Amino acid sequence: MAKAPFQDDHGPPTEPGLRIILRRLREIIEEPGDGQSRLDKIVRQIAGLMVAEVCSIYLKRQDGSLELFATEGLNSSAVHRTFMKRGEGLVGRCAEMAVPINEPDAQSHPAFSYRPETGEEIYHSFLSVPILRSGDVLGVLTVQNKTPREYSDEDVEILQTTAMVLAEQLVSANIPGANMAIEFSRRVGHVVKGQAISDGIALGHAVLHQPRVVVTHLTSDDPVAEALRLETAIEELKATVDEMLGSGDLAREGEHKDVLEAYRMFANDRGWQRRLKEAIQSGLTAEAAVERVQNETRARMLRQRDPYWRDRVRDLEDLSDRLLRILTTPNAGGGSAGDKQLPHDAIVIARNMGAADLLDYDRTRLRGLVIEEGGGQSHVAIVARALGVVAVTDVRRLIERIDVGDPVIVDGNTGEVFVRPTSDVIQAYSDKVRFRARQQRQYRSLLGRPAVTKDGAQISLQMNAGLPDDLVHLEQSGAEGIGLFRTELQFMVAATFPRGDRQAQVYRAVIEGAGTKPVTFRTLDIGGDKVLPYMRQDPEDNPALGWRGIRMGLDRTALLRTQLRSMLRAAEGTELRVMIPMVSEPGEIVAARAILDREIDILRKRGGGVPTRVQFGIMIEVPSLLFDLDSVLPLVDFASVGSNDLMQYFFASDRGNPKVSGRFDVLAPSFLRALKGVTEAGKRLGVPVALCGEIGGRPLEAMALIGAGFRTLSMAPASIGPVKSMVLGLHAARTESAVSELIAKGGRSIRDGLAAFAASEGIEI
Ligand code: PEP
Ligand code: MG
């Protein structure tokens with residue numbers, strides 16, 4: 001493996017120079033005097049001790065430009081008069097990229113921006129470092145000399161450490177206008193766009209899932225004690241990482257094994273540890289040393305061309321954050337989300353998060369979730385949707401711009417996240433929330449009403465679920481049953497394969513919770529985009545077309561048997577509805593049914609209780625079944641169309657790839673003709689056919705489905721109200737004719753034609 005960027009070859013810097021600077025800085029900070037005169041003294045000291053002819057401090061302004069705030073060596077009349085636009089010149093570049101810039105001949109550099117008022121034309125060598133505090137760039141610290149030369153690594157390190165101490169001073173000292181950048185970044189509102197993964201709108205206050213650590217205690221006179229603190233903390237860190245790797249508790253951590261391996265590599269890296277110790281020797285506390293080395297390594301790694309090292313920046317930052325937490329908070333290792341003091345309207349902000357972590361939060365206080373890293377198909381996304389928590393993911397650089405308690409709005413429809421929103425944004429969103437609440441109240445008033453069309457067609461509206469927690473929605477939504485219970489969710493949030501008795505416990509809780517309402521359990525649908533971190537699976541070129549669903553179940557029969565047995569035991573004395581996913585041909589149905597029958601037999605022979613009736617069904621998600629319905633349907637008691645997958649296979653369009661997932665319309669005549677074929681076959685063969693993909697929950701699509709002959713739809717609980725309200729205004733027979741006509745007409749989609757039909761019928765969508 002390539003050498004880590006922090007494993008440099010130069011020896012440890014001889015640090016007395018740095019110690020002297022740090023001591024002098026501390027003395028200056030403690031001396032009486034106003035902020036400006038302190039900054040003036042600081043630049044004078046640094047210049048003297050670093051044998052530099054110039055030392056200057058530039059501070060960031062609200063618009064991102066940099067203002068010369070203090071200088072030794074440049075014309076003093078330029079102070080507060082020289083400004084560099086955002087990204088302008090070497091100083092601007094240093095601030096933008098948050099990396100040191102070391103140029104032996106600055107004036108010949110293409111980015112150099114000459115400012116005559118400063119008188120800097122006589123200086124050639126130039127070194128600037130960002131003034132960083134907890135990832136925020138507050139300004140830039142520079143030194144310059146007349147003779148062209150490259151500053152040594154030691155000089156760079158000294159200046160970086162000095163900048164770090166200076167950053168703290170800037171925050172605490174009362175220097176007029178000096179902490180504009182901090183105030184700005186902390187006060188001003190931002191809107192960032194990510195990927196919406198769970199819809200709805202949430203207004204609330206920020207809670208950081210992994211708290212950001214702000215190091216305030218920076219210098220120490222006792223390097224021996226600090227080194228000891230560091231050593232103890234590193235040991236604790238190593239133990240935590242080893243434990244995470246060894247316990248198989250990966251699902252809880254939400255991190256993948258390769259990330260943890262990278263953690264372990266860093267935690268054991270001598271170069272890293274040596275640098276930390278050197279930083280302590282130079283007069284920093286253990287935590288300041290960690291931050292200092294973190295800043296420097298981040299800059300080094302970001303300069304690497306090899307994407308491997310650039311990717312490792314995140315790993316290293318996580319690891320450093322963990323180490324900082326150990327050093328600054330007692331018992332940092334313990335404490336879970338459940339222990340956190342949550343506001344009543346918590347918006348949890350996480351860099352990354354495991355599905356189980358989300359379940360640790362108090363649901364009654366959780367309004368929204370924002371995750372910096374992770375796709376819409378990640379486990380935590382699936383759980384967020386299952387819990388009905390508004391969520392957005394793929395939001396870059398949010399944590400560094402947010403404080404605990406900041407007001408936040410999460411728009412789970414557009415993917416926008418507003419941090420410290422302005423009053424008009426709050427107003428607009430409050431109106432939206434009120435409007436939705438009013439609608440929800442209207443839907444609630446429909447709770448007791450059956451979904452019957454104007455011409456008397458009964459439409460059974462059921463809900464999709466995946467966790468026992470979802471059962472509360474059964475009452476709240478007025479769903480007639482659970483049309484799809486995704487059993488894989490229990491597997492996804494667990495650390496290891498749930499044993500049979502654990503599975504049975506969950507299924508029993510669901511059956512009991514549902515009371516007289518039917519529940520359709522789907523057997524494990526793992527593979528494709530749904531992976532279990534604790535299960536070995538060979539990488540596949542086309543996972544969606546690979547070893548998933550029932551294909552895996554029939555190869556790993558022990559897994560399928562255990563699950564079926566758990567379902568049978570859980571449904572003792574009542575009806576069990578079980579459904580298998582990803583069926584492609586009749587042989588799979590026969591094989592799966594044989595396994596189920598055998599398990600029933602075994603239970604009977606053992607004298608165990610069995611369900612009063614077992615209904616066996618399949619998902620229709622693979623197009624091959626569409627052309628074989630006459631032989632497939634007689635093999636089952638019911639079927640349910642999984643339109644999410646059927647759509648992706650029908651149009652060869654990856655459901656998780658935003659570039660293609662919206663490219664084809666589900667209301668395409670071809671797709672609707674196929675769906676109509678399914679309901680017609682069901683009717684002809686006397687086999688009930690439902691649909692449980694996402695489209696069932698969208699009113700216009702649901703209208704098309706009713707027009708295509710469906711009478712049972714299963715959807716997210718929140719969709720039941722809007723769909724029921726549509727159904728109540730619908731005339732089913734007229735809709736069937738309209739949909740048939742529109743399909744016959746052809747074209748890309750019947751969407752516009754159907755919307756026009758809805759309008760002519762007086763139905764508001
Ligand atoms: C589907 O494919 O439509 C479906 C309901 O199953 P899932 O979304 O879990 O793959
Ligand atoms: Mg599916």
Side-chain angles (χ1 to χ4, degrees), residues 197-199 355 375-387 461-467 470 479 481-493 519-532 542-553 563 577-584 588 617-626 638-657 661-662 664 666-667 671-672 674-675 678 689-698 701-702 704-705 708 710 712-717 719-720 723:
I197 50 173
S198 179
D199 66 8
Q377 302 297 329
S378 63
H379 298 174
V380 69
I382 294 170
V383 173
R385 275 195 290 270
L387 298 181
L461 302 181
Q462 307 202 5
M463 65 172 239
N464 296 342
L467 293 166
D470 293 333
I482 298 179
L484 168 65
F485 188 87
R486 293 181 164 104
T487 58
E488 59 274 9
L489 257 74
Q490 183 193 8
F491 288 69
M492 284 178 170
V493 300
V519 181
T520 303
F521 290 101
R522 178 174 74 184
T523 59
L524 199 55
D525 188 15
I526 285 298
D529 55 323
K530 300 169 192 158
V531 286
L532 300 180
N542 286 305
L545 306 180
W547 198 53
R548 54 170 298 193
I550 194 61
R551 302 170 181 187
M552 184 189 284
Q563 190 176 32
R577 290 172 61 84
V578 51
M579 173 161 80
I580 54 175
M582 278 300 293
V583 175
S584 312
E588 289 170 338
I618 51 165
M619 299 274 294
I620 298 181
E621 320 182 80
V622 180
S624 58
L625 295 192
L626 301 175
F638 66 93
S640 185
V641 174
S643 51
N644 306 339
D645 276 315
L646 185 60
M647 176 78 190
Q648 82 162 339
Y649 299 127
F650 193 85
F651 282 105
S653 162
D654 184 348
R655 66 192 264 190
N657 177 351
S661 57
F664 306 99
V666 286
L667 297 186
F671 194 57
L672 287 172
L675 295 182
V678 176
V689 173
L691 181 140
C692 59
E694 304 294 322
I695 58 169
R698 296 187 217 134
E701 279 81 344
L705 294 171
F710 286 94
T712 303
L713 302 174
S714 190
M715 61 197 75
S719 301
I720 290 183
V723 172

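All residue numbers refer to positions in the sequence shown, counting from 1. Indexing begins at 1, ligand by ligand and atom by atom, following the structure's order. Just so it is clear, the structure is predicted and the values come from calculations on it, not from any experiment.
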| said: Can you tell me if Glu694 contacts ligand 1 (heavy atom of the residue under 4.0 Å from the ligand)? | reply: no
| request: Restricting to N/O/S, name the atom of Glu621 that gets closest to the Mg ion (ligand 2). | output: OE1
| query | Relative to the Mg ion (ligand 2), which of the N, O or S atoms in Asp645 is the closest? | reply | OD2
In Å and rounded to the nearest 0.5 Å, what is the [atom1] to [atom2] distance from [X] to [Y]?
{"X": "Ile695", "Y": "Leu705", "atom1": "CD1", "atom2": "CG", "result": "4.5 Å"}
{"X": "Gln563", "Y": "Thr487", "atom1": "CD", "atom2": "OG1", "result": "4.0 Å"}
{"X": "Leu646", "Y": "Leu691", "atom1": "CG", "atom2": "CG", "result": "9.0 Å"}

| Among Leu489, Leu691, Asn644, Ile695, whose heavy atom sits nearest atom 3 (O) of ligand 1? | Asn644
| Heavy-atom distance to atom 10 (O) of ligand 1: which of Arg655, Arg486, Glu488 wins? | Arg655
Are the side chain of [X] and the backbone N or O of [Y] linked by a donor-acceptor pair below 3.5 Å?
{"X": "Glu488", "Y": "Asp525", "answer": "yes"}
{"X": "Arg551", "Y": "Gly546", "answer": "yes"}
{"X": "Gln648", "Y": "Arg655", "answer": "yes"}
{"X": "Ser714", "Y": "Met463", "answer": "yes"}

| said: Which label fits Phe651 and Phe664: parallel for a plane angle under 30°, tilted from 30 to 60°, or perpendicular past 60°? | reply: parallel
| said: Within the structure provided, determine whether Ile618 and Leu625 are in side-chain contact (heavy-atom separation under 4.5 Å). | reply: yes
Short list, please: which atoms of ligand 1 are under 4.0 Å from a heavy atom of [X]?
{"X": "Met619", "answer": "4 (C), 5 (C), 6 (O)"}
{"X": "Gly642", "answer": "1 (C), 2 (O), 3 (O)"}
{"X": "Leu484", "answer": "5 (C)"}
{"X": "Gly693", "answer": "3 (O)"}

| task | Would you kindly specify which portion of Met715 sits under 4.0 Å from ligand 1, judged on non-hydrogen atoms: side chain, backbone, both or neither? | result | neither
| note | Quick look: Asn464 vs ligand 1, heavy-atom contacts under 4.0 Å, and the answer is neither
| field | Contact check: Glu621 vs ligand 1, nitrogen or oxygen atoms, below 3.5 angstrom | value | yes
| query | So which heavy atom in the protein is nearest atom 6 (O) of ligand 1, and how far is it from that ligand atom? | reply | Arg522 NH1, 2.9 Å
